[in-house]
Structure formats: structure tokens, C-alpha cells
Amino acid sequence: DAKTTQPNSMESNEEEPVHLPCNHSTISGTDYIHWYRQLPSQGPEYVIHGLTSNVNNRMASLAIAEDRKSSTLILHRATLRDAAVYYCIKTTGNQFYFGTGTSLTVIP
Amino acid sequence: IAGITQAPTSQILAAGRRMTLRCTQDMRHNAMYWYRQDLGLGLRLIHYSNTAGTTGKGEVPDGYSVSRANTDDFPLTLASAVPSQTSVYFCASSDGGPYNEQFFGPGTRLTVL
């Protein structure tokens, strides 16, 4: 299977860190890992991406396992606006293979 | 800056009818994509275009066709709609390559009866 595996749902308290896991055991050497999130009734929006090394940006951090078969998206301080479905995506060429995503609930 | 626009926002269509979903981007991106999203599922790639004049098949191309006459526009056509094509359709664009961000439009909700 070319897609990724994620938990269906997770909860976090507001202002606490969130670790969203993803398995991509079929990843090949040139495949990138992207994370996008989708708010209700909107198109997905970019969060972060990486190839081999851990990555940080203003939204999140991405930790990639040494064998690249799994990764974790880290939101350092969850806010209510972070409640969304988070997709871990394996890219082959410029084709995105979405999993079913993790629905994140942020509890005030 | 509009980014990506899609039309119509929503449509109810009788089975067997022909329908074209429109997508336009103003970012001069080389690559464009069409996805469908079914209830509770992630997005699946239907067709893509790496550059104007070229197109390719994604995961679920059957029943759909695309054209890319210029950089900005990437219409998706259902020649004879069937109920299983009821879905939300998203258009996206990027500079191409596996490392570039894809920018998504707001989606078209299509219901085929």
C-alpha cells in the first residue's frame, strides 16, 4: 500500500504539546513526507515537510525516524485554532498519497 | 491575490449528464492537480499536470478527463456522471517536485443523483 497510517483521532489540552504519529513503512529513498491540515469545509493547508532530517518551522516540528518508516508532527503549544484533521502524506514524484488523517480535538 | 479559484461551489447533477469543474490559479505554478475527497476519507489524486500541455493519471482517473491548454486553467470533466462520483473535488497547484507545497482551492461539492 502506498499510503500512510495514522490514528483516527487524538485529544490535547490547550497550550500543551501534541505529538501526532504516522507510519509510512513503504517509503522509498526519494519520497518526501508532508503534513497538511484541513479545517471543516476548507481545502488542506501546508504544515511542514521533510526528507531525512528533522525540520522546524513557525507552525510545527517534524521528527523523522532514522529508518524513515515513521514520523511525528509536533505542535509545541496547541491552540483552539489547531483543531483540524492532520494528514501525513508520502510523496512519490509530485504525487501526494493521503492517508485518512488524524482528527485533533483541542480541549480548552 | 486570489490563489486558486474553483467553480461552481456546489452542484447537483443528474446521472448521465456531462459536467466540467473549473479551476484557475494566478500563481504561475507549473503543476496542477485534481483530487476527490469522500466522506471521512483523505484526498485521492484523480489527474495531474506537470506543465501546460501535459497531463497524467493519478490513483482514481476512471470516468474523468482533464486538459491543460495554458498555465492558469485546469478543468476537470465528467463525461457521463454516475452516483459514485458524488464527492468534494479539490484543485491544487504547486511549482512541481515532491518537495514543494501544494496550494489547494476551496473545493466543489458535487452530488450526482
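Reminder, nothing fancy here: chain letters follow the sequence lines and each chain counts from 1.
In summary, B/K57 and B/D62 do not engage in a salt bridge, as defined by a charged side-chain N under 4.0 Å from a carboxylate O. In this structure, A/D82 pairs ionically with A/R37, as a charged nitrogen and a carboxylate oxygen lie closer than 4.0 Å.
Two rings, from B/H47 and B/Y64, have their centers 6.0 Å or more apart. Ring to ring, A/Y86 and A/Y36 are not that close: their centroids are 6.0 angstrom or more apart.
Taking 4.5 Å as the heavy-atom cut-off, the residues of residues 43-71 of chain A that approach chain B are A/G43, A/P44, A/Y46, A/H49, ordered by number. Inspection of non-hydrogen atoms places no residue of residues 7-24 of chain A under 4.5 Å from chain B.
Looking at B/T108 and B/S10, their side chains never come closer than 4.5 Å, going by heavy atoms from C-beta outward.
For A/F98, the ring-ring contact (aromatic ring centres under 6.0 Å, His included) partners two or more places apart in sequence, or in a different chain, are A/Y87, B/Y35.
Enclosure of atom CD1 in B/I12 is not indicated, since only 12 or fewer non-hydrogen atoms of other residues, nucleotides or ligands lie within 6.0 angstrom.
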B/R68 and B/D73: CA distance, side-chain angles, deciding distance, salt bridge (Lys or Arg N to Asp or Glu O under 4.0 Å) verdict: CA-CA 6 Å; B/R68 186 90 184 278; B/D73 301 300; over 6 Å; no
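For a residue to count as touching a neighbouring chain, one of its non-hydrogen atoms must lie under 4.5 Å from one of that chain's; by this rule B/Y99 touches chain A with backbone and side chain alike. When heavy atoms are compared at a cutoff of 4.5 Å, B/Y33 approaches chain A solely by way of its side chain, counted from C-beta outward. With a 4.5 angstrom heavy-atom cutoff, B/Q102 touches chain A via backbone and side-chain atoms both.
Note on A/Y97 and A/Y32: separate hydrophobic clusters, where clusters join Ile, Leu, Val, Met, Phe, Trp and Tyr whose side-chain heavy atoms are under 4.5 Å apart, directly or indirectly.
Every pair passing salt bridge (charged side-chain N to carboxylate O under 4.0 Å, His left out) that includes a residue from residues 36-52 of chain B is listed here, sequence neighbours excluded: B/R36-B/D38, B/D38-B/R44.
A donor-acceptor distance shorter than 3.5 angstrom exists from the side chain of B/Q25 to the backbone of B/T71, with no hydrogens or angles considered.
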